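Remember, it's a predicted structure, so these values are computed and weren't measured experimentally. Heavy atoms only: backbone and side chains are in, while hydrogens, waters and symmetry mates are out.
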Amino acid sequence: MINKERLEELSQPVIEIYNGMQAEMLERIARRLAGEIGDSSDIKDWEVRKIEQLGLLTEDNIKVIEERSGKTREEVRKALETAGFEGIEENESMLENALERGADLNNPGTPESSERLFDILGAYQAQAEDIFNKTNATLIDQSEEVYRRILDRTVAGVTAGIKTPQQALRDSVRSWAHNGVPALIDSAGREWGAEGYVRTVIRSTTNNVTNEMQDHRFDQWGQDLIQTSSHMGARPKCAPYQGKVYSRSGDSKQFPALSSTSIGEPDGLRGINCHHVFYPYFPGLSRKRYQPKNKKENDAAYKRSQRQRKMERDIRNAKTEKRMMEALGDEEGVKLANQRIFDRQAKMRKFIKDTGRTRRRNREQVY
């Protein structure tokens, strides 16, 4: 059975590709902005010269994406296929063992002999490729918008008499190093950063392909009762249902229907970024191995995990800021970014020491 840590491992290569892609796009924006900015009287002329480079920037960023598109497709396909088949592997052993012990089950043959499983896998691979193609197009468009916003903000800061041209440019660049290039603008107008959006897409798609392949095998075996997994740090709408047994059909007189849980809700069981899995359950044969976690401890673990994620993002953002300042040729900006990296890493070390959590250094890197 594929668990939370394994899903994280499978998703990480795709997330790292997009983290690196975004960082390089921002670095190329900084390169186009580099050069003598002059004094406040020259700021409008400087803006015109930089706007003329917008087409070159777009060509730069198209190359960034093209260089990584093949690797992205490869990693996405690998993640989905591995997750799908590993996700049913342990259940297959449980079901085979139960059949040998007299459980009322079908014998559907091996997963590899099921054409439907490969159809499910192929459909999700095609869906993911389409989503990431659209994401790439959005990144190109939004990198142009980021460039324009940096110019606008820099000019506004100078013309207001608040900052020198170099200070205004440094502050504007720093802001976008931390905001990132939007990978999606949703229907509510919310801008999703590349890291957050890609993480959501790859994990949700990986979960979905695993769940659908698992459900299809349950159908083939004729298995109705399932038991949910449990882990510390579960989300509020998942935690109440951990370690419990449910009827997929809702026909059981002994166990509640799966539909009575939060399943189907975006932040519920099998929702976006949910890591719970289902195991076959056989009264009299199975033992309830997955016990619900203490609510207070679970809630505290969830909050700590969210805090660590934010600290990891903060470290990555500071490293991206340093790369942009280096590309800009701003020595003072590099010095300030280095201090931010040092301070945020020190904060992380203290957090890890205080909580006993495991430090994930790979999540702090910009590849």
Side-chain angles (χ1 to χ4, degrees), residues 1-14 73-131 201-231 243 245-252 255 258-259 261 263-264 269-283 285-290:
M1 180 60 64
I2 192 162
N3 59 22
K4 178 181 177 180
E5 288 72 25
R6 181 59 171 150
L7 281 174
E8 176 88 18
E9 180 184 344
L10 293 173
S11 302
Q12 197 60 30
V14 181
R73 284 193 295 271
E74 176 188 339
E75 292 295 346
V76 168
R77 289 180 176 274
K78 186 190 301 182
L80 296 182
E81 183 172 350
T82 304
F85 282 100
E86 284 189 9
I88 60 178
E89 186 175 351
E90 185 177 352
N91 279 354
E92 291 294 309
S93 298
M94 291 181 177
L95 290 159
E96 289 168 4
N97 181 262
L99 181 65
E100 292 174 359
R101 295 172 66 185
D104 184 16
L105 294 169
N106 305 321
N107 190 345
T110 65
E112 290 75 17
S113 66
S114 173
E115 291 185 9
R116 175 59 184 152
L117 288 184
F118 287 95
D119 289 343
I120 292 170
L121 179 61
Y124 277 105
Q125 287 173 334
Q127 179 190 83
E129 187 168 338
D130 181 59
I131 291 172
V201 169
I202 188 62
R203 289 189 176 174
S204 295
T205 309
T206 303
N207 271 334
N208 289 343
V209 73
T210 302
N211 293 338
E212 191 164 334
M213 289 175 71
Q214 185 182 82
D215 285 345
H216 180 65
R217 286 302 283 177
F218 282 150
D219 290 341
Q220 288 186 311
W221 281 93
Q223 176 62 24
D224 182 48
L225 297 180
I226 57 91
Q227 183 178 16
T228 60
S229 62
S230 61
H231 60 77
V245 178
Y246 296 95
S247 166
R248 296 172 63 232
S249 66
D251 294 336
S252 172
F255 298 102
L258 182 59
S259 60
T261 69
I263 193 164
L269 284 177
R270 287 190 169 181
I272 298 171
N273 286 333
C274 175
H275 298 291
H276 288 93
V277 294
F278 296 161
Y279 297 89
Y281 184 79
F282 305 95
L285 295 179
S286 299
R287 63 185 180 87
K288 297 187 69 173
R289 301 176 298 168
Y290 308 96

Does the side chain of His216 pick up a donor-acceptor pair with the side chain of Glu212 at under 3.5 Å?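 Glu212 and His216 do not have a side-chain donor-acceptor pair below 3.5 Å.
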Using a distance-only test with no angle check, is there a side-chain donor-acceptor pair under 3.5 angstrom linking Arg217 and Gln214? no
Shortest non-hydrogen contact between [X] and [Y], atoms and distance:
X      : Y      : result
Ala128 : Leu80  : CB-CD1, 4.2 Å
Thr210 : Ala83  : OG1-O, 3.3 Å
Arg270 : Asp215 : NH1-OD2, 2.8 Å
Gly243 : Thr228 : N-OG1, 2.9 Å

How long is the gap from [atom1] on [X] to [atom2] on [Y], to the nearest 0.5 Å?
X      : Y      : atom1 : atom2 : result
Arg248 : Ile226 : CZ    : CD1   : 8.0 Å
Ser252 : Leu258 : OG    : CG    : 12.0 Å
Glu8   : Arg203 : CD    : CZ    : 3.5 Å
Tyr124 : Thr206 : OH    : OG1   : 11.0 Å
Ser249 : Leu225 : OG    : CG    : 8.0 Å
His276 : Asn211 : NE2   : CG    : 12.0 Å

How are the rings of Tyr281 and Phe255 set relative to one another: parallel (under 30°), tilted (30 to 60°) or perpendicular (over 60°)?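 Perpendicular.
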[X] side chain vs [Y] backbone, donor-acceptor pair below 3.5 Å:
X      : Y      : value
Asn106 : Gln220 : yes
Asp130 : Ala126 : no
Ser114 : Pro111 : no

Counting only pairs under 3.5 Å, give me each side-chain donor-acceptor contact of residues 94-105, with atom names and distances, residues two or more places apart or in other chains.
none

Determine whether Val76 and Gln125 make a side-chain contact, defined as any pair of heavy atoms from C-beta on separated by less than 4.5 Å.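 Answer no - side chains too far apart.
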Taking the side chain as every heavy atom from C-beta outward, state whether Tyr279 and Asn91 have any atom pair closer than 4.5 Å. yes
Does Glu115 CD have over 12 foreign heavy atoms under 6.0 Å away?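 No.
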